[in-house]
2 protein chains.
Amino acid sequence: MFKKILIAEDMEDINKGVHTLLTELGVSQIDQVQYCDDAYLKVKKADLDKEPYDLVVSDLSFKVDHRLQTYTSGQALVEKLKEEFPNLKVIVYSVEDRLQAVRTLFNQHNIDAYVCKSRNGLKNLSLAISEIAKGETFLSPEVSNAFSSANELEIDDYDISLLDNLSKGLSQDEISALYRKENISPASLSSIEKRLNKLRIQFNANNAIHLVAIVKDLGLI
Amino acid sequence: MFKKILIAEDMEDINKGVHTLLTELGVSQIDQVQYCDDAYLKVKKADLDKEPYDLVVSDLSFKVDHRLQTYTSGQALVEKLKEEFPNLKVIVYSVEDRLQAVRTLFNQHNIDAYVCKSRNGLKNLSLAISEIAKGETFLSPEVSNAFSSANELEIDDYDISLLDNLSKGLSQDEISALYRKENISPASLSSIEKRLNKLRIQFNANNAIHLVAIVKDLGLI
DNA sequence: ATTCCTCTTACGGAAAACCGTAACTCTATT
DNA sequence: AATAGAGTTACGGTTTTCCGTAAGAGGAAT
């Protein structure tokens, strides 16, 4: 089990909650910071002192305040940490459930676990820790389909067209009529509903508005 | 009229076109760069040599390539230039027509003109130059409503919050419940419907999806 | 030809969004 | 105190979206 852990989390209450959990798990040294820069400095110093951290648990979003930060987000912090200390284990603990963000963190920045803050957040966090201790990675159930093979790159031109038309204000009915006129298949309302449902699941969107907002952020349309 | 002008534009053909126009306008010294950093260095050097530029015409987007740049966008370049050389006149010449971007350039970075690359791009550019020479600012007709439009100024924080929550996938019902909990008024479903209806009319949106897509494009959320 | 599989379409019910109308609250003004 | 006006809320009806189920259409493979 891990002996020395750092928590980076700006919300004091959550920070404390995680601290309690880690204490219960028997971690002997637990340090806490509320700013990304402090996190980096602590890890850096610990490394120089030859007493490196075993694990960092970091949030993604940190409220900005008067203190100017070099690393303005958990993402930036994690990137830097994993770059400079590849052996350091990192758990991202965040409310964020956008699959693309999760994918990026794993693929680009090689994090070891992603845990969603939710009703079972702490439980999953403790699961994550034991998995990592065994050399495994961990993914919260809320975002478990971030890698489920099927959805990876299976967004085709039809999907894009659908999303584009939605974003232009057409109703599903109107899109159906349009596709019938232009001989685009499938054109039935039912198929369009089905496809949009698939996309909603893929992108973890609650509804069509959310879906369009997400794919616009991703630059897909 | 201006005597010494710098063109910052990565596309060679456009760069050349602007050069030709300026020559026709009787500008005696016209320099061209294809990288933001080169632009900054040239302006800096000219200033140190006591032969400063009168005007910079800059694009917004520069393709990234092997040359690592300190200033990776026209926006960053303009910001730096206006900060260090407030007297230097700056025209932004770009295809970008997002109103929010235009507003930011004028309000935050104090540019002197914004010209859209379009059919009449060069004509507007020459108009802009003569306006600036008279001490005026200039705004391309394509984006002329970035400031004039009354409708955009009537959007308050509540509207933004509403749109933001919508884009995050909350239903109108959920937003109502949220506002009740957080004592944000108005919180009733009816009022939320009404406000969204007003926004749909203002932005010429067919439905909520369309509305969110539009305000995202405008950079409002 | 039959089976199996996948894609498309159809349908029906529940939920949410859309839209008009009317009532209620609060404030300012006389 | 009375009234007008703007903002908020309530409510009913229609349309659209959401979601599950099931039937039809077409292809591939024995």
Side-chain angles (χ1 to χ4, degrees), chain A residues 97 142 145 148-216 221, chain B residues 150-151 153-216 221:
Chain A
D97 63 355
E142 293 89 344
N145 52 340
S148 67
S149 57
N151 63 20
E152 202 46 36
L153 269 178
E154 298 211 346
I155 298 158
D156 57 22
D157 292 348
Y158 181 87
D159 293 320
I160 299 295
S161 154
L162 217 47
L163 293 166
D164 193 45
N165 282 317
L166 264 192
S167 79
K168 284 175 179 155
L170 276 68
S171 71
Q172 297 178 18
D173 233 357
E174 288 168 333
I175 296 176
S176 169
L178 176 69
Y179 285 2
R180 284 219 154 82
K181 207 179 66 179
E182 296 188 348
N183 282 329
I184 296 173
S185 173
S188 74
L189 177 60
S190 188
S191 288
I192 290 173
E193 285 176 350
K194 196 143 294 181
R195 195 68 79 110
L196 285 175
N197 187 46
K198 191 200 74 179
L199 289 170
R200 273 201 306 278
I201 293 169
Q202 262 182 46
F203 288 100
N204 248 12
N206 295 338
N207 53 43
I209 300 177
H210 197 191
L211 177 61
V212 168
I214 290 171
V215 296
K216 278 194 90 73
I221 56 172
Chain B
N151 61 9
L153 295 178
E154 290 175 10
I155 294 160
D156 57 21
D157 292 348
Y158 180 86
D159 292 320
I160 300 294
S161 152
L162 218 47
L163 293 166
D164 193 46
N165 281 318
L166 265 191
S167 79
K168 284 176 179 156
L170 275 70
S171 72
Q172 297 177 16
D173 234 358
E174 288 168 333
I175 296 176
S176 169
L178 177 68
Y179 285 3
R180 285 218 153 84
K181 208 179 65 179
E182 298 189 345
N183 281 329
I184 296 174
S185 171
S188 75
L189 177 60
S190 187
S191 288
I192 290 173
E193 285 177 350
K194 198 143 293 184
R195 195 67 81 107
L196 286 175
N197 188 46
K198 192 201 73 180
L199 289 170
R200 273 202 306 277
I201 292 169
Q202 263 182 45
F203 286 101
N204 255 354
N206 295 337
N207 53 43
I209 299 177
H210 197 190
L211 177 62
V212 167
I214 290 171
V215 297
K216 277 195 93 73
I221 57 172

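Here is the naming used below: chain letters follow the sequence lines, and residue numbers restart at 1 for every chain.
The side-chain heavy atoms of Ile192(A) and Ser188(A), taken from C-beta on, include no pair separated by under 4.5 Å. By the 4.5 Å heavy-atom criterion applied to side chains, Val215(A) and Ile160(A) are not counted as neighbours. Leu196(B) has its side chain within reach of Arg200(B): a pair of non-hydrogen atoms, C-beta onward, lies under 4.5 Å apart.
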Step by step, work out the side chain to side chain contact (heavy atoms under 4.5 Å, CB included) result for Asn165(B) and Ser161(B). CA-CA 6 Å; Asn165(B) 281 318; Ser161(B) 152; 3.6 Å; yes

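Interatomic distance, CG of Asp157(B) versus CG of Asp164(B), reported as 11.5 Å (0.5 Å rounding).
Smallest separation of non-hydrogen atoms from Asn206(A) and Lys168(B): ND2-O, 3.9 Å. Pairing each heavy atom of Leu189(B) with each of Ser176(B), the nearest pair is N-OG, 3.6 Å. When all heavy atoms of Leu178(B) and Leu170(B) are compared, the closest pair comes out as CD2-CD2, 4.1 Å. The two residues Ile209(B) and Leu166(A) make their nearest non-hydrogen contact at CG2-O, 3.4 Å.
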Which nucleotides of DNA chain D pair, in dot-bracket form (Watson-Crick or G-U under 3.5 Å, | meaning another strand): ||||||||||||||||||||||||||||||

Table of protein N/O atoms under 3.5 Å from nucleotides 22-26 of chain D N/O atoms:
unit_1	atom_1	unit_2	atom_2	d
dA22(D)	N6	Lys194(A)	NZ	3.4

Can you check nucleotides 17-19 of chain D for protein contacts, nitrogen or oxygen pairs under 3.5 Å, and list what you find?
unit_1	atom_1	unit_2	atom_2	d
dT17(D)	OP1	Gln172(A)	N	3.2
dT17(D)	OP2	Gln172(A)	N	3.2
dC18(D)	OP1	Ala208(A)	N	3.0
dC18(D)	OP2	Gln172(A)	NE2	3.0
dC18(D)	OP2	Arg200(A)	NH1	3.3
dC18(D)	N4	Glu193(A)	OE2	3.3
dC19(D)	OP2	Arg200(A)	NH2	2.9
dC19(D)	N4	Glu193(A)	OE1	2.8

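Among residue pairs with one or both ends in residues 156-178 of chain A, those qualifying as ring pair (Phe, Tyr, Trp, His ring centres under 6.0 Å) are Tyr158(A)-Tyr179(A); sequence neighbours excluded. Applying the salt bridge (Lys or Arg N to Asp or Glu O under 4.0 Å) test to every pair with at least one member in residues 178-195 of chain B, sequence neighbours left out, gives these pairs: Asp156(B)-Arg195(B), Asp159(B)-Arg195(B).
You can see that DNA chain C meets the heavy atoms of chain B within a 4.0 Å-exclusive cut from dA16(C) to dA22(C), reading 5' to 3'.
Taking atom CG on Asp159(B) and atom C1' on dG7(D), their separation rounds to 14 Å, with Å as the unit.
With hydrogens and angles ignored, the 3.5 Å screen pairs a side-chain donor or acceptor of Asn207(B) with a backbone N or O of Gly169(A).
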